[in-house]
Structure formats: C-alpha cells, structure tokens
Amino acid sequence: MRGSTVFLVFVLLCGAAVAALWRGWIEVPDIWNPWAPLDIKAEPNFLTPYKLSRLQNDPQLCDQALGSSSLRFSHQADSDPSATCPLQNVLRMQGGDVALSSSFLASCRLAVAYALFDVHTLQPAAQAVFGQKVTRIDHLGSFACRNVYSRSEGRLSQHATANALDIAGFRLEDGQRISVLGDWKDTGDKGRFLRQVRDGACRSFNTVLGPDYNAAHRNHFHLDMGRWSVCR
C-alpha cells in the first residue's frame, strides 16, 4: 500500500511539473522545453524528435523553426484532395548557405530535418575530413507520385508526399566533387566523409538508406521522415 501511495505522489508531482512548464510558471532553456520552437542551430537532444513531430500540421511553428536556419523557402498551395498524391503544408526549398542542384518540394518535417542535417552533420563532417565547407548538394529529387521502387502495386513511397529526398553527391569549397556512386567504396577521405554523412544523417531523418542497403540505392542516400526507423 505504501509503495502505491509513493507512486501516486510521484505521478502527481510529475503531472504538476509538466503543467507548470506548459503554462510557463517554470522557466527552462528553450532547448529543454518540449513546447518551445525547435532551434536549428541548437545541438539536437532527446526532445528533438518530439519537436519535429509537432511541425507537420502547424505551419506557423514550422516557419519559426526554419527561421532559425539559413534556408530560403516558399509555401506551396495545397493540391486537390482528390489527387492521387495530394500534398498539404508543403514547402519549396531553394537553398541557403549551401546551394542546391535544383529546388525541391518538402514536407515541413523533411525541410527542418534537412536543415538540422546540414548544420549538425554535413558541415562538421566536411570540416573534420577536408577542413572546408560543403557549398552545394546534388540531389535526385524529392516529390514523385509513385509506389515504393515504382512498383505497379504496393504502398506509396515517402516520395509521394514530398517526405523524402535523394542526395547523390556534394561539392566542396575548393571545387572537389564527391558522389555516392563513385566514391562510396573509396578507402580515402571521400569514402570516410560519405560514411560520416550517412551515419550522422540517421540522427536527423527517420530512414536513411544508402549503397549498403541494396543496389537500388547505389548512387544516392535516401532520406525520409516516414514512420520506420532504419539506418542502412
């Protein structure tokens, strides 16, 4: 009985603390406040996935998060709900401090995860291996209204909701090019860099698939914000 009482008191205290935090009666740094807007520049922590999950249906909160990054973007009109692959709350990403081979469509969560990836994985890896920045990302696109592997039957790909991006390579400040297809098996700096990028991407995206996954991904990293957590 005593144990049950202690547990009940503990639960009540925890509930009171959460309520006080939510109402703003307790001040904590935004990085540790689950209801504070996500700051791209702040080091990710265990609350980051929760903050990402809040963005998809809250365009204002999404704008606040992206406002802490260097990315340029524009809002896209929602498509007709009767479309085969309807899009809602989608952004067109147009680059920033890092150029893009072309603009791409992205769900809010994908856009913010991409911004986190750039700041906390891509640039640190480039500095660690090459001592310079990545200045451009070459990609194969994001939105494609199709099933997984373009099969005639089966579930829709994350690309069908602009919730996935395929990255094929990178360009450095000195003009060097690094491609997933050509350099994944490299035993030097380029291969080491690509592996650091792949591993680090798993901290920002829910699913990361590369050449080690299967032949279909031999030339790119597939990054998405779907429900499955896979890092291959």
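In this structure, a donor-acceptor pair under 3.5 Å is absent between the side chains of Asp58 and Gln60. Neither side chain, Asn45 nor Trp32, offers a donor N or O lying under 3.5 Å from an acceptor on the other. A side-chain donor-acceptor contact under 3.5 Å links Gln158 and Asn163. Side chains of His217 and Asn219: no donor on one and acceptor on the other come within 3.5 Å.
Listed by first then second residue, pairs satisfying side chain to side chain donor-acceptor pair (under 3.5 Å) with a partner in residues 83-95 read Arg92-Ser103, not counting sequence neighbours. Sequence neighbours left out, not one pair with a member in residues 158-194 passes disulfide bond (SG atoms under 2.5 Å apart). Within the structure, the disulfide bond (SG atoms under 2.5 Å apart) test picks out the following pairs touching residues 163-232 (sequence neighbours left out): Cys202-Cys231. Pairs passing the side chain to side chain donor-acceptor pair (under 3.5 Å) check and including a residue from residues 190-205, sequence neighbours excluded, read Asp189-Arg192. Sorted by first and then second residue, the salt bridge (charged side-chain N to carboxylate O under 4.0 Å, His left out) pairs with a member in residues 63-77 form an empty list; sequence neighbours excluded.
Listed by chain and number, the hydrophobic cluster partners of Leu105 are Leu87, Val90, Phe143, where partners are ILVMFWY side chains within reach of under 4.5 Å, directly or through others. Hydrophobic cluster of Trp228: the remaining members, joined at side-chain heavy-atom separations below 4.5 Å, are Val148, Tyr149, Leu209, Tyr213, Val230, listed by chain and number.
With sequence neighbours excluded, the residues satisfying side chain to side chain contact (heavy atoms under 4.5 Å, CB included) with Val197 are Phe117, Leu122, Ala125, Phe170, Phe193, Phe221. Applying the side chain to side chain contact (heavy atoms under 4.5 Å, CB included) rule to Ala168 yields the partners Leu140; only residues at least two apart in sequence or on another chain are considered. For Ser102, the side-chain hydrogen bond (donor to acceptor under 3.5 Å, both in side chains) criterion is met by His139, not counting sequence neighbours. Residues passing the side chain to side chain contact (heavy atoms under 4.5 Å, CB included) test with Ala36 are Asp30, Asn33, Lys51, sequence neighbours excluded. Ser69 pairs by the side chain to side chain contact (heavy atoms under 4.5 Å, CB included) definition with Ile40, Leu66, Leu71, Ala115, not counting sequence neighbours.
A heavy-atom distance below 4.5 Å is found between the side chains of Leu38 and Val112. Here the side chains of Arg171 and Gln176 are not in contact, with every heavy-atom distance at 4.5 Å or above. Within the 4.5 Å cutoff, side-chain heavy atoms of Leu91 are placed close to those of Cys62. Side-chain atoms of Asp80 and Pro86, non-hydrogen and from C-beta on, never get closer than 4.5 Å to each other.
Centroid-to-centroid, the aromatic rings of Tyr114 and Phe104 come within less than 6.0 Å.
A distance of 8.5 Å separates CG in Asn147 from OG in Ser157, rounded to the nearest 0.5 Å.
Using a cutoff of 4.0 Å between basic side-chain nitrogens and carboxylate oxygens, Asp183 and Lys185 are not scored as salt-bridged.
When all heavy atoms are compared, the tightest approach of Arg232 to Asp212 is NH2-O, 4.4 Å.
Checking side-chain atoms of Asp186 against main-chain N and O of Gly191 turns up a donor-acceptor pair under 3.5 Å.
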Subject >> Chi angles and distances behind the side chain to side chain contact (heavy atoms under 4.5 Å, CB included) call for Leu172, Val134 >> reply: CA-CA 4 Å; Leu172 301 178; Val134 168; 3.9 Å; yes

**OP:** Verify side chain to side chain contact (heavy atoms under 4.5 Å, CB included) between Ile137 and Ile167, making sure each step is shown before the conclusion.
**Re:** CA-CA 7 Å; Ile137 290 179; Ile167 292 181; 3.9 Å; yes

